[in-house]
Amino acid sequence: MPIRQLEPQLISQIAAGEVVERPASVVKELVENSLDAGARHILLEVEQGGLRLIRVRDDGFGIAREELPLALARHATSKISSLDDLEKVASLGFRGEALPSIAAVARLSLTSRTAGAEQGYSVRGDGSDWQDTPRPAAHPPGTTVEVRDLFHAIPARRKFLKTERTEFRHIEQLFRRLALSRPDVGFELRHNGSQILQAGAASDELEQTQRVARLCSTGFIEHALSLDHEAAGMRLHGWIAQPSFSRSQADLQFFYVNGRQVRDKLVQSALRRAYHDVLHNQRFPAYVLFLELDPAQVDVNAHPAKQEVRFRDSRLVFDFLFHAVHRAIADERPADAGDAHRVTLLPPGVQPRSDDHRQPQQNALHLRVSEVQPVYEVAKQPVPDPAVLSSTAVSPERDQRPAAEMESASALGYALGQLHGIYILAQNAEGLVLVDMHAAHERIIYEGLKNRLEAGRVPNQPLLVPVSLRLSESEADLAERHAEMLLRMGMEISRSGPEAIVIRSIPVLLPSQINVEQLIQDVLSDLAEHEDDANNEDTGSARLRHAMEHVLATVACRGAIKAHRQLTLPEMNALLRDMEHTERAGMCNHGRPTWVKLELGELDRLFLRGQ
């Protein structure tokens, strides 16, 4: 067939394939245009899941009469004028860029009025080079884009759409994401004449918190920590959920770069890494975060739909995100419950119903470490062995003080006893605290090992009698290859034969009665799984640190107090005090919670007191 020039309308219809995938794609383009136009309120009206009607009305700057035809012309925009503008795009899109494509597959009308104009004007488009003449129309300042009969010009595309309910669900989810991106703008959504969502503009922290609760759920905000961190010309702010509020899928992850929502692999990797040793199994963290940086440092045109971005200095951005979130999670301890970060504002109008059954939560505890230390004479370092715990625990004299005084003096309260040799029962001023002693002690040891490793090297304790261990030749080779790294982690190991090694010392934090053979076998098994990371010679790299932390987690798990180990009350109290000194003490190394609290009100309801 001969080569020929395509018709402009056909070109627009082909281009629409990159822009208009489904009704939600149209909504995204139109609402982003409204935000770029300075709108303070946006109304979205949808009929039949967007197939019959999509109407977006805003109160933005509006479009002048003489510019209306250009807004529907291909390759016309008000947002860039040079290559330099393209390299530092601060807007969400190029106004008018998507309108010709949408007009090529639907019936589109555009009505607008600028603030100084006496009346508005309206034009229609069909995706061709034909330009409609603006007609007078009654309209308040702002713009309305109306899209009817989507894909009427391409019936085959309609066959690939889902049901009305499914298509509207995509629209609603998108609209919520857009509403989260701009708390200063009011959003309203109607479907088939019924109001589905209304989020007013938020002007202060309380209103923003209420709005996040409305858009993401009250449960999220009740378990959220507020975050605001600045460094290296970047700012990260928003909310991250405590590890106990993890999800089975990544359905509550909202990340915005200069106001644009993205799902970027570098961002996801950094945030996943920040949660890596506090999440259970394959759980996903939940967050609503905003990253602000110089637009020139990020390329927003790396993806056709602008869902991914490319950072000029990706390593710097990764480290910034990781350290900001990692530090916020670490600062959430039982002793102070992150008073500087935790969201404590409960939004009015979205409280759970009185008949809702709520699980016990790790609620905020407001006593700081500085207030705990004068009350209890506890060791400053984690102590894994019950024999050592008892020597550093609360003195018998202090144990004789009135229970009320003991409870108010400590965030985790005062131990009452053990349940089945697994849980510590403690009483504080607010109710009953239950602690999984193995999980809690595992976190204490793990954080102690990490702190010592960061300081240079984990102190070790020589074994009275070196332990000889027979292994496979490959396991012995593995131990020999990484002997220096294992020594940094407090384990001195040497090769004694083709299939044998000798263990001469273990970390000083571990109890002397630990099964050394089983410990080293578990460590080598874990090291084999992460050897590719451990082979990275850059000792400051995230990959090597990740591998070493996996090994330390194995060591901590083996060294922690085992279930059915009977502890005395002073030993239990020493463990509680150590938890209050320990970062991330709310979760064990595997992401399981270490403690929960039942407030007196919850206990009263269980026994129908006051009813």
Can a side-chain donor-acceptor contact be found between His326 and Arg584 if the only test is distance below 3.5 angstrom? yes
Just so I know, are the side chains of Phe168 and Leu189 near enough to count as touching, which here means a heavy-atom distance under 4.5 Å? yes
Residues Asp277, Arg443: salt bridge by 4.0 Å N-O rule: yes
Look up atom CG in Leu552 and atom CD in Glu447, then write down how far apart they are to the nearest 0.5 Å. 10.5 Å
Taking Ala286's backbone N and O only, do any of them form a donor-acceptor pair with Arg247's side chain (distance below 3.5 Å, no angle check)? no
Taking all atoms of both residues into account, what is the closest heavy-atom pair of Pro593 and Ala439, and its distance? O-CB, 4.4 Å
Is the shortest heavy-atom distance from the side chain of Phe61 to the side chain of Asp36 under 4.5 Å? no
Charged N to carboxylate O under 4.0 angstrom, Glu580 versus Arg577? yes
For Pro243 against Ile329, the heavy-atom pair lying closest together: CG-CG2, 4.4 Å
Neighbour count >12 (heavy atoms, 6.0 Å) for atom CZ, Phe322: yes
Contact between Leu291 and Val298 at the side-chain level, heavy atoms closer than 4.5 Å - yes or no? no
Tell me whether the guanidinium CZ or amine NZ of Arg272 lies under 6.0 angstrom from the six-membered ring centre of Phe284 and within 45° of its axis. yes
Treating Ser314 as the side-chain partner and Phe311 as the backbone partner, does any N or O pair qualify as donor plus acceptor under 3.5 Å? no
List the steps and the verdict of side-chain contact (heavy atoms from CB on, under 4.5 Å) for Thr554 and Asn589. CA-CA 9 Å; Thr554 299; Asn589 310 343; over 6 Å; no
Rounded at 0.5 Å granularity, tell me how far CD in Glu442 sits from NE2 in His438. 4.5 Å
Please tell me if the side chains of Val325 and Leu236 come closer than 4.5 Å, counting only heavy atoms from C-beta onward. yes
Less than 4.5 Å apart, side chain to side chain, heavy atoms only: is that true for Phe255 and Leu321? yes
Ion pair check, Asp228 and Arg235, cut-off under 4.0 Å: yes
What is the ring orientation for His276 with His550, classed by angle as parallel under 30°, tilted 30 to 60°, or perpendicular over 60°? tilted
How close do Tyr256 and Arg177 get, heavy atom to heavy atom, and via which atoms? OH-O, 2.6 Å
I'd like to know whether Leu225 forms a side-chain contact (heavy atoms from CB on, under 4.5 Å) with Asp331, so could you lay out the CA-CA distance, the side-chain angles of the two residues, the decisive distance to 0.1 Å, and finally the verdict. CA-CA 10 Å; Leu225 309 173; Asp331 287 344; over 6 Å; no
Give a yes or no on whether a salt bridge exists between Glu207 and Arg211, defined as a side-chain N under 4.0 angstrom from a carboxylate O. no
Of the non-hydrogen atoms in Phe220 and Ala241, which two are nearest, and what is the gap between them? CE1-CB, 3.9 Å
Where is the tightest heavy-atom contact between Val555 and Leu519, given as atom of each residue plus distance? CA-CD1, 3.8 Å
Polar side-chain atom of Ser269 near backbone of Lys265 as donor-acceptor pair, under 3.5 Å: no
Quick one: does Val257's side chain get under 4.5 Å of Val300's, heavy atoms only? no
Distance (rounded to the nearest 0.5 Å) between Leu575 CG and Ile424 CD1: 4.5 Å
Where do Leu174 and Ala24 come nearest, in terms of heavy atoms and distance? CD2-O, 3.0 Å
Charged N-O contact under 4.0 Å between Arg273 and Glu549: yes
Point-to-point distance, once rounded to the nearest 0.5 Å, from CZ of Arg488 to CE of Met548: 4.0 Å
Please tell me if the side chains of Leu487 and Asn460 come closer than 4.5 Å, counting only heavy atoms from C-beta onward. yes
Check: Glu222 side chain, Gly219 main-chain N or O, donor-acceptor pair, under 3.5 Å: no
Do Cys588 and Asp436 pass the side-chain contact (heavy atoms from CB on, under 4.5 Å) test, and can you show the C-alpha distance, the side-chain angles, and the key distance before you say yes or no? CA-CA 9 Å; Cys588 78; Asp436 183 331; over 6 Å; no
Mind checking the OH-CG spacing from Tyr446 to Leu509? Nearest 0.5 Å is all I need. 14.0 Å
Donor-acceptor contact below 3.5 Å, side chain His441 vs main chain Ile561: yes
Tested for side chain to side chain contact (heavy atoms under 4.5 Å, CB included) against Ser244, the lone hit among Arg592, His223, Arg283 is His223
Do the side chain of Thr594 and the main chain of Ala585 share a donor and acceptor less than 3.5 angstrom apart? yes
Less than 4.0 Å between a side-chain N and a carboxylate O, is that true for Asp264 and Arg310? no
Side-chain heavy-atom pair Leu178, Arg182 within 4.5 angstrom cut-off: no
Does any donor atom in the side chain of Tyr287 or Gln253 lie under 3.5 Å from an acceptor atom in the other side chain? yes
Taken to the nearest 0.5 Å, the spacing of Phe245 CZ from Ile240 CD1 works out to 13.5 Å
Under a 3.5 Å distance rule, please check whether Asp526 uses its side chain to pair with a backbone N or O of Asp522 as donor and acceptor. no
Parallel, tilted or perpendicular: which fits the ring planes of Phe290 and Trp239, with parallel below 30° and perpendicular above 60°? perpendicular
Candidate pair Asp184 and Arg40, rule side-chain contact (heavy atoms from CB on, under 4.5 Å), full reasoning: CA-CA 7 Å; Asp184 59 323; Arg40 309 305 299 176; 3.2 Å; yes
